[in-house]
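Counting starts at 1 for both ligands and their atoms, following the listed order.
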Amino acid sequence: MWEFPGGKVEKGEDLFTALKREIDEELQCQIETLDVFNDHTHEYETFIINLISIKAKIVGGTPLASEHSKLIWLKRENLNSLKWAPADIPAVEQLINEK
Ligand SMILES: Nc1nc2c([nH]c(=O)n2[C@H]2C[C@H](O)[C@@H](COP(=O)(O)OP(=O)(O)OP(=O)(O)O)O2)c(=O)[nH]1
């Protein structure tokens, strides 16, 4: 199952600060955040997630899989070739369809 890099927003953070921190922690690189492109709430059996998806660009370093088993870059037309976490499907569809 594949997910976008990210994580939970902590107290006192805004969305963009949280994403920069998570990317720094998980991928050991630095990003500039762009726009929110999808906002979707998904009910899993045991919890509900509000997945807010943000575009970003790398401004320092190279992504390193320190906490994930694998990282891949995909062209948007190939995003459908992966099995995504259910909460991510609207964001994936949005990326595939917007260009
Ligand atoms: N990061 C991320 N989490 C996702 C996605 N889709 C999805 O269902 N999730 C779920 C998995 C986790 O239950 C939750 C996010 O947890 P996380 O482990 O990434 O967050 P975190 O780094 O703040 O974790 P922690 O400190 O609580 O361990 O959301 C996604 O695309 N990215």
Side-chain angles (χ1 to χ4, degrees):
M1 192 108 80
W2 290 83
E3 292 181 345
F4 295 111
K8 302 184 197 88
V9 180
E10 293 178 354
K11 241 185 233 155
E13 284 182 331
D14 62 31
L15 294 172
F16 302 101
T17 309
L19 184 59
K20 286 183 205 157
R21 175 187 50 73
E22 288 284 353
I23 297 295
D24 195 22
E25 288 173 7
E26 293 182 1
L27 305 183
Q28 285 153 44
C29 67
Q30 292 70 53
I31 57 165
E32 181 183 309
T33 52
L34 305 170
D35 53 311
V36 171
F37 68 92
N38 200 267
D39 181 344
H40 173 67
T41 299
H42 184 83
E43 292 191 27
Y44 285 111
E45 269 181 28
T46 51
F47 64 100
I48 299 177
I49 179 176
N50 178 208
L51 187 74
I52 300 168
S53 304
I54 299 170
K55 291 188 183 174
K57 80 176 179 198
I58 296 171
V59 293
T62 304
L64 191 75
S66 52
E67 293 181 16
H68 297 80
S69 48
K70 207 168 178 191
L71 294 180
I72 57 170
W73 286 108
L74 275 186
K75 288 191 191 296
R76 63 179 79 217
E77 59 265 32
N78 296 328
L79 287 170
N80 257 339
S81 63
L82 300 182
K83 183 170 166 49
W84 286 93
D88 297 36
I89 290 173
V92 168
E93 293 299 328
Q94 167 86 31
L95 288 173
I96 292 169
N97 293 325
E98 74 184 14
K99 273 197 179 164

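Protein heavy atom at the shortest distance from atom 28 (O) of ligand 1 is K8 NZ, 4.5 Å. For atom 11 (C) of ligand 1, the closest non-hydrogen atom on the protein side is E3 OE2, 3.3 Å. Here the protein heavy atom with the shortest distance to atom 8 (O) of ligand 1 is Y44 OH, 2.6 Å. Counting only heavy atoms of the protein, atom 22 (O) of ligand 1 lies nearest to E22 OE1, 3.2 Å. At the shortest separation from atom 29 (O) of ligand 1 among protein heavy atoms lies I49 CD1, 3.1 Å.
Paired with E13 under the rule side chain to side chain donor-acceptor pair (under 3.5 Å), one option of K8, R21, K20 passes, and it is R21.
Looking at heavy atoms from C-beta onward, Q30 lies in side-chain contact with D24 at the 4.5 angstrom threshold.
Annotation: F4 places an N or O atom under 3.5 Å from an N or O atom of ligand 1; distance criterion only.
At a cut-off of 3.5 Å, with distance as the only test, a side-chain donor of D14 or T17 sits close to an acceptor on the other residue.
When V9, I89, D88 are checked for heavy-atom proximity to atom 7 (C) of ligand 1, D88 turns out nearest. When A18, P5, G6 are checked for heavy-atom proximity to atom 19 (O) of ligand 1, G6 turns out nearest.
Heavy-atom separations between F47 and ligand 1 include at least one value shorter than 4.0 Å. Ligand 1 has no atom lying under 4.0 Å from any heavy atom of W2. For the pair E26 and ligand 1, a heavy-atom separation below 4.0 Å is found.
Ring planes of Y44 and H42: perpendicular class, angle over 60° (limits at 30 and 60°).
Shown in contact with A87 at under 4.0 Å from a heavy atom are these atoms of ligand 1, numbered in order with element: 8 (O). Atoms of ligand 1 found under 4.0 Å from any heavy atom of G7 (numbered from 1 in listed order, with element): 1 (N), 19 (O), 20 (O), 21 (P), 22 (O), 23 (O).
W84 places no side-chain N or O within 3.5 Å of a backbone atom of A91 that could act as its donor or acceptor partner. The closest donor-acceptor contact from the side chain of S66 to the backbone of L27 lies at 3.5 Å or more, if one exists at all.
The shortest non-hydrogen separation linking A87 to L51 is O-CD2, 3.6 Å. Taking every heavy atom of both residues into account, G6 and L19 meet most closely at CA-CD1, 4.1 Å. Across every non-hydrogen atom of C29 and G61, the tightest pair is CB-C, 3.9 Å.
By the definition of a contact as any protein heavy atom under 4.0 Å away, atom 26 (O) of ligand 1 is not in contact.
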